Number of protein chains: 2
Amino acid sequence: MERTDHSFLNQATADEASRIFKALADPTRIKILYLLSQEECSVGHITEVLEMTQSAVSHQLSTLRKLRLVKYRREGSTLYYSYDDEHVITILQQVLTHINCK
Amino acid sequence: MERTDHSFLNQATADEASRIFKALADPTRIKILYLLSQEECSVGHITEVLEMTQSAVSHQLSTLRKLRLVKYRREGSTLYYSYDDEHVITILQQVLTHINCK
DNA sequence: TTAACATATGAGCATATGTTCATATATGTA
DNA sequence: TACATATATGAACATATGCTCATATGTTAA
């Protein structure tokens, strides 16, 4: 049998999909994205809600920023973050819905 | 303001979601699941298509088995694997479709 | 300018992850 | 039984990940 194109993914596509799933593969980032799916939030607010250190939250925001999943605007010394990738939010919501349906 | 339930995810839900995304956060597992989304496959077939060692594939199948994302049946000395979680396959397909749409 | 506040960032560390290599197990066949 | 084939598994290793701690940067107000 010939190797047919439909039977496998090329590396680039698999890598790109993996990149997206990796972004969601951490509870902290999931909580952050879930928060941001509901409202724009300051770093301080996220830190309070998640009950984590400011540094840990900021590092994760940095990760999400590099992945272009969040963006921010400045107001004085406060940074307000919001999500920047509708598709990823949709995927997250589907998985969360599925979990809560069980 | 009171802390309201809608504003954050409980740890258990975030962990469970992260567990699902972690399973998909590797290119090899993505390729395997994509293959299995199309047809039941023997380990040998997967190994050939992915051009990886038998051991590497088998380890990943073990991971997917533990996560209950795949199942298998035996036919002689050959094991045929197939997917065992419709929802995860759906999520994977959505992400792949999204990537190819860009 | 100085101090206080909000946030970011680098180094270090412990743990998790994915592969390879060697070997074990299970099945079929001579 | 002995051997070949198909697959699984344990150990080892390199790399990635997520956090903490200390400190840097940017902004506002006195």
Side-chain angles (χ1 to χ4, degrees), chain A residues 9 11 14-36 39-82 84, chain B residues 9 11 14-36 39-82 84:
Chain A
L9 285 177
Q11 190 65 42
D15 285 346
E16 171 64 8
S18 144
R19 207 183 60 85
I20 292 173
F21 288 124
K22 267 191 173 63
L24 294 165
D26 172 76
T28 299
R29 286 194 296 276
I30 287 176
K31 290 191 213 164
I32 291 175
L33 286 173
Y34 180 70
L35 248 181
L36 298 184
E39 45 177 356
E40 189 188 48
C41 293
S42 69
V43 178
H45 182 63
I46 299 172
T47 300
E48 281 173 27
V49 173
L50 301 200
E51 293 179 318
M52 294 182 62
T53 65
Q54 180 269 319
S55 180
V57 169
S58 197
H59 275 297
Q60 292 294 11
L61 286 171
S62 164
T63 299
L64 292 169
R65 240 163 36 220
K66 282 171 196 150
L67 293 168
R68 308 246 179 203
L69 301 190
V70 301
K71 60 178 191 263
Y72 66 91
R73 68 182 176 85
R74 177 181 287 278
E75 198 165 293
S77 61
T78 302
L79 299 188
Y80 289 95
Y81 278 82
S82 54
D84 198 25
Chain B
L9 285 176
Q11 190 64 42
D15 285 346
E16 172 65 7
S18 145
R19 207 182 61 86
I20 292 173
F21 288 123
K22 267 191 171 63
L24 294 166
D26 172 75
T28 299
R29 287 194 295 276
I30 287 175
K31 290 191 213 164
I32 291 175
L33 286 173
Y34 180 71
L35 248 183
L36 297 185
E39 45 177 356
E40 188 188 48
C41 293
S42 70
V43 178
H45 182 63
I46 299 172
T47 300
E48 282 172 27
V49 173
L50 301 201
E51 294 177 319
M52 294 184 62
T53 65
Q54 179 268 317
S55 181
V57 169
S58 197
H59 275 298
Q60 292 294 10
L61 286 171
S62 163
T63 299
L64 292 170
R65 241 164 34 222
K66 282 171 196 149
L67 293 167
R68 307 248 179 201
L69 301 189
V70 302
K71 59 179 190 266
Y72 66 92
R73 69 183 174 85
R74 177 182 287 278
E75 197 167 294
S77 60
T78 302
L79 300 188
Y80 289 95
Y81 277 83
S82 54
D84 197 25

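Heavy atoms only: backbone and side chains are in, while hydrogens, waters and symmetry mates are out. Keep in mind that this is a model prediction, so the values were computed, not measured.
Counting any heavy atom pair closer than 4.0 Å across all strands shown, B:Y80 reaches no nucleic acid atom. In this structure, A:T63 reaches neither bases nor backbone, as no heavy-atom distance under 4.0 Å exists between it and the strands shown. Heavy atoms of B:S42 sit under 4.0 angstrom from primed sugar atoms or phosphate atoms, though from no base atom. Counting non-hydrogen atoms under 4.0 angstrom, A:S55 reaches a base of the nucleic acid.
Applying the 3.5 Å distance criterion, the base of D:dA8 shares a donor-acceptor pair with the side chain of B:Q54. Residue A:H59 places a side-chain atom within donor-acceptor reach of the base of D:dT20, judged by atom type and a 3.5 Å distance cut-off alone.
Per the geometry, CZ belonging to A:R19 stands 16 Å off C1' belonging to D:dA16, to the nearest Å. When rounded to the nearest whole Å, the span between CG of B:L61 and C1' of C:dT25 equals 17 Å. We find that CD of A:E48 is positioned 14 Å from C1' of C:dC5, with the value rounded to whole Å. The interatomic distance linking B:H45 (NE2) with D:dA6 (P) rounds to 14 Å, in whole Å. The interatomic distance linking B:E75 (CD) with D:dA6 (C1') rounds to 13 Å, in whole Å. The distance from atom CD of B:E51 to atom P of C:dT19 is 14 Å, rounded to the nearest whole Å. What separates CG of A:L64 from C1' of C:dA8 is a distance of 15 Å, to the nearest Å. Summarising the geometry, the separation between NZ on B:K31 and P on C:dT19 is reported as 9 Å, rounded to the nearest angstrom.
Residue B:R29 places at least one side-chain N or O under 4.0 Å from the OP1 or OP2 atom of C:dG18. Taking 4.0 angstrom as the limit, B:Q60 places none of its side-chain polar atoms (N or O) nearer than this to OP1 or OP2 of C:dT17. Between C:dA6 and A:R74, no contact under 4.0 Å exists linking OP1 or OP2 to a side-chain N or O. One finds a side-chain N or O of B:S58 lying less than 4.0 angstrom from the OP1 or OP2 phosphate oxygen of D:dA8. Close to C:dT27, at under 4.0 Å from its OP1 or OP2, lies no side-chain N or O of B:T78.
Both A:K22 and A:T53 sit near DNA chain D, but only A:K22 has its closest nucleotide nearer the 5' end.
Note that the OG1 atom of A:T28 and the CD1 atom of A:I46 stand 11.5 Å from one another [nearest 0.5 Å].
Summarising the geometry of B:L50 relative to B:I32, their closest heavy-atom pair is CD1-CG1, 3.6 Å, with the distance given to 0.1 Å.
With hydrogens and angles ignored, the 3.5 Å screen pairs no side-chain donor or acceptor of A:K71 with any backbone N or O of A:S82.
Counting heavy atoms from C-beta on, the side chains of B:L64 and B:D84 never come closer than 4.5 Å.
No side-chain donor from either of B:R65 and B:Y72 sits under 3.5 Å from a side-chain acceptor of the other.
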